[in-house]
Amino acid sequence: MNVTVRDCLNLPSLSHAEIIAGKNGLDKVVSSVSVLEFFDFYELDVFTPNEIIISAFYSIKDDVDKQCDALQDLYETGAVALILFYVGKIVQSVEEKLIRLADRLDFPLIVINNEFMSVKYSDVISDVMTSVLKDQSTSDDFITVTSNRLKQLPTELRTMENLLSIMSNHYKCNLLVTGPSKLYFQSVYRPFSMENNPDFYYSCFHNDSAGYCHKEVTLDNSTVYVYKAEFSGEDNIPLTLYACCRNDTLTKDNITDMCECTRLYSTVWGYSLNLNSPDTLLSLVLKTDANAARHYMRNTALDFSRLQSLIIISPGDGEINRLKNSVLNIFEEYKKYCLADIIDGEIVILSNLSRTNEMSENLFNELQSFTVNYDEKATYFMNRSSKDIEAIKQLYYNYRRSLPALRKIFINRRNWDAHDVTLSQEVTSLSETQNQKTEYLNTIIDMLKNDRNNLLKTLGVYLIDCDSELKHTADTMFLHRNTVLYRLARIKQLTNTDFTLMPAAYEFYLAAALHRFESGQ
């Protein structure tokens, strides 16, 4: 069993709370609750997966844009709901923009208004944590509980560090997972300090036998319980899990469960700490701290200039391993170096394809053509050059977040690049904002959407799908060239604007994209 946000709404302290947005997220699992009033996420380590956040938004009470940024950041750092206190007293009212964002993210936004000033933060904290701790004491299926918590995280947050963070918070211990190469993942349970150094664990067990070991160590005049267990990861690579805690002890079963979770998800996610496997680098670049990837590249003498291009291929309804093998064969035919693996259900490739190189351009075109012909739902994304590992990781993260918008906006095109990701982010932001620009774009939409000649559809195909090419538009819509010309002229007439000229061209492009995003057409 798991305590969910829905369960928490039945607690006494939340009996008068109102869920005003994000109702589709009410079944998310809750593991803890915290208070947050300072929202500079660049200076705080705020990631605690499956946490309910309590706030009055006091520091940002008059700035709805910052409120939206805070909610987005909470979602992206693993929180599962926001309880907003004293609405009507501090934040005078919850803006529609914030409500729309919470609904889009399926992030429950729960309000306690100023009529219930007698309800305190501590009341909610006590009720929620009592419920969570009671549930933990009666549940003996740690692996299933952990799996349920991971499933509700955004795909891009399903990383080894975050798995360790979930286990670390559950058992209130520090964790370190390492392999023969000394590459490692770790999580620190606050507020430990010295025990987060890998050398601390190595020194504790350097003379001990293989397998499971545990011991007591005196540190800072207090007793620390330290554990070591060896197990096998992907491809039977030997891994070691270390744990330590104060004022509590772990059982061998606890350690075994954590090893099993780590083994299971290192295999599912394709993690390997084997320096002999080139594919190791892909998961390190996209799913871990950049230092691990740099460590790998130093040990293998791999030059980053060979990996500047990020390619992501989705097989649609096709068989992913067959597509991966075909793609690798294309790289081999061109004698082009690449790393490729299946991550988050898509084929991810790092290589170096230059716009100025004819062979690279031919390879790019063949990859793109092969993908879109492989399956009618297959998609192809590529960015030709990234400046460093952090840039690749951020691009991958932005791509994953933008996928729903990309699929709505580019309905007749299945090949995307970084500019399309940026456009989809802008359209998503416009959809959540009510200002002068969105009003103007909606005016364009309103002038065209009821015309019997499908003017909005024609505008979208012409600008978004066909790069303003008349013949391509006619072929895509199965229309005569003159029909398309008539519709384009009709758009100019109704809007009194020559949308083929800048900056009107971009504004009409945004209007067509916004209409597709909001209507799904």
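What you see is a predicted model; the values in this text were computed from it and never measured.
- Checked by atom type and distance alone, the side chain of Thr497 never pairs as donor or acceptor with a backbone atom of Phe499 at under 3.5 Å.
- Contact between Leu282 and Asp341 at its shortest, heavy atoms only, is CD1-N, 3.3 Å.
- A donor-acceptor pair under 3.5 Å is absent between the side-chain atoms of Asp69 and the main chain of Gln72, judged by distance alone.
- Asn50 contributes atom CG, which lies 7.5 Å from atom OG of Ser32 (distance to the nearest 0.5 angstrom).
- Looking at Arg384 and Glu361, a side-chain N of the basic residue comes within less than 4.0 Å of a carboxylate O on the acidic one, giving a salt bridge.
- Other residues, nucleotides and ligands contribute only 12 or fewer heavy atoms inside 6.0 Å of the CG atom of Asn496.
- Remark: the backbone N or O of Ser351 is not paired with any side-chain donor or acceptor of Gln308 at under 3.5 angstrom.
- At a cut-off of 3.5 Å, with distance as the only test, a side-chain donor of Thr159 or Asn162 sits close to an acceptor on the other residue.
- Side-chain contact between Asn415 and Thr379: absent, with no pair of heavy atoms (C-beta onward) separated by less than 4.5 Å.
- Side-chain N or O atoms of Ser402 include one that pairs as donor or acceptor with a backbone N or O of Asn398 at under 3.5 Å.
- Only one option out of Asp127, Val124, Asp123 pairs with Leu11 in a side-chain contact (heavy atoms from CB on, under 4.5 Å); it is Asp127.
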> Does the side-chain contact (heavy atoms from CB on, under 4.5 Å) test come out yes or no for Ile392 and Phe304, once each step is laid out?
Replying inline: CA-CA 11 Å; Ile392 290 179; Phe304 177 75; 3.7 Å; yes
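- Comment: Asp465 engages Arg516 in a salt bridge, judged by a side-chain N to carboxylate O separation of less than 4.0 angstrom.
- A 4.5 Å side-chain heavy-atom check between Phe331 and Leu363 finds at least one atom pair inside the cut-off.
- Between Tyr121 and Tyr86, the ring-plane angle classifies as parallel under the 30° and 60° cut-offs.
- Residues Val35 and Ile125 meet the side-chain proximity criterion, which asks for heavy atoms closer than 4.5 Å.
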> Do Glu51 and Val80 pass the side-chain contact (heavy atoms from CB on, under 4.5 Å) test, and can you show the C-alpha distance, the side-chain angles, and the key distance before you say yes or no?
Replying inline: CA-CA 6 Å; Glu51 190 165 67; Val80 293; 5.9 Å; no
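- Two residues are said to be in side-chain contact when any heavy atoms from C-beta on lie closer than 4.5 Å; Glu507 and Met502 fail this criterion.
- Ile445 approaches Leu514 most closely through the heavy-atom pair CD1-CD2, 4.3 Å.
- Between the Tyr75 side chain and the Ala70 main chain, no donor and acceptor come within less than 3.5 Å of each other.
- Considering all non-hydrogen atoms of both residues, Leu470 and Val484 come closest at CD1-CG1, 3.4 Å.
- Nearest heavy-atom pair, Asp420 versus Leu406, reported as atom, atom and distance to 0.1 Å: O-CD2, 3.6 Å.
- From His16, atom NE2 reaches atom CG of Leu14 across 10.5 Å, with rounding to the nearest 0.5 Å.
- Residues Asp106 and Lys28 are not paired through a salt bridge, judged by the lack of any N-O separation under 4.0 Å between the basic side chain and the carboxylate.
- The number of heavy atoms from other shown groups lying within 6.0 Å of NZ (Lys23) does not exceed 12.
- Glu346 and Arg400 are joined by a salt bridge, as a carboxylate oxygen and a charged side-chain nitrogen come within less than 4.0 angstrom of each other.
- Annotation: Lys457, atom NZ; neighbour count of heavy atoms from other residues, nucleotides and ligands within 6.0 Å does not exceed 12.
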> Could you go step by step and tell me if Leu463 and Ser468 meet the side-chain contact (heavy atoms from CB on, under 4.5 Å) rule?
Replying inline: CA-CA 5 Å; Leu463 292 178; Ser468 302; 3.5 Å; yes
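- With values rounded to the nearest 0.5 angstrom, Leu353 atom CG is found 10.5 Å from Ser385 atom OG.
- Put simply, the side chain of Leu395 reaches to within 4.5 Å of the side chain of Phe381, judged on heavy atoms.
- Glu469 places no side-chain N or O within 3.5 Å of a backbone atom of His472 that could act as its donor or acceptor partner.
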> Can Glu319 and Lys324 be said to form a salt bridge (charged side-chain N to carboxylate O under 4.0 Å, His left out), step by step?
Replying inline: CA-CA 9 Å; Glu319 207 282 313; Lys324 177 188 172 185; over 6 Å; no
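- Side-chain contact between Asp467 and Tyr462 is absent, with no heavy atoms from C-beta onward closer than 4.5 Å.
- Atom-to-atom distance recorded for Ile53:CD1 and Leu74:CG is 5.5 Å, nearest 0.5 angstrom.
- Taking 4.0 Å as the cut-off between side-chain N and carboxylate O, Lys377 and Asp317 count as a salt-bridged pair.
- Cation-pi contact between Lys393 and Tyr396: absent, since separation from the ring centre below 6.0 Å together with deviation from the ring axis within 45° is not met.
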>> Walk me through whether Phe85 and Val119 qualify under side-chain contact (heavy atoms from CB on, under 4.5 Å).
In response: CA-CA 9 Å; Phe85 261 71; Val119 179; 4.1 Å; yes
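- Note that CG of Leu485 and CG of Leu479 are 11.0 Å apart. Values are rounded to the nearest 0.5 Å.
- Considering only heavy atoms from C-beta on, Val3 comes within 4.5 Å of Cys8 through its side chain.
- Annotation for Ile349 and Ala340: closest pair CG1-CB, 3.8 Å, computed over non-hydrogen atoms.
- Between the side chain of Ser59 and the main chain of Glu37, a donor-acceptor pair closer than 3.5 Å is present.
- Going from atom CG of Leu264 over to atom CG of Leu163 covers 9.0 Å, rounded to the nearest 0.5 Å.
- Between Ala512 and Gly460, the shortest heavy-atom distance links the atoms CB-CA, 3.8 Å.
- Judged purely by atom type and a 3.5 angstrom limit, Arg487 has no side-chain atom pairing as donor or acceptor with the backbone of Leu455.
- At distances below 3.5 Å, at least one donor-acceptor pair connects side-chain atoms of Asp7 with backbone N or O atoms of Thr4.
- Ser326 places a side-chain heavy atom less than 4.5 Å from the side chain of Phe370.
- Checked for salt-bridge contact, Arg100 and Glu95 miss the test: no charged N lies under 4.0 Å from a carboxylate O.
- The backbone N or O of Ile60 lies less than 3.5 Å from no partner atom in the side chain of Asp63, so there is not a single donor-acceptor pair.
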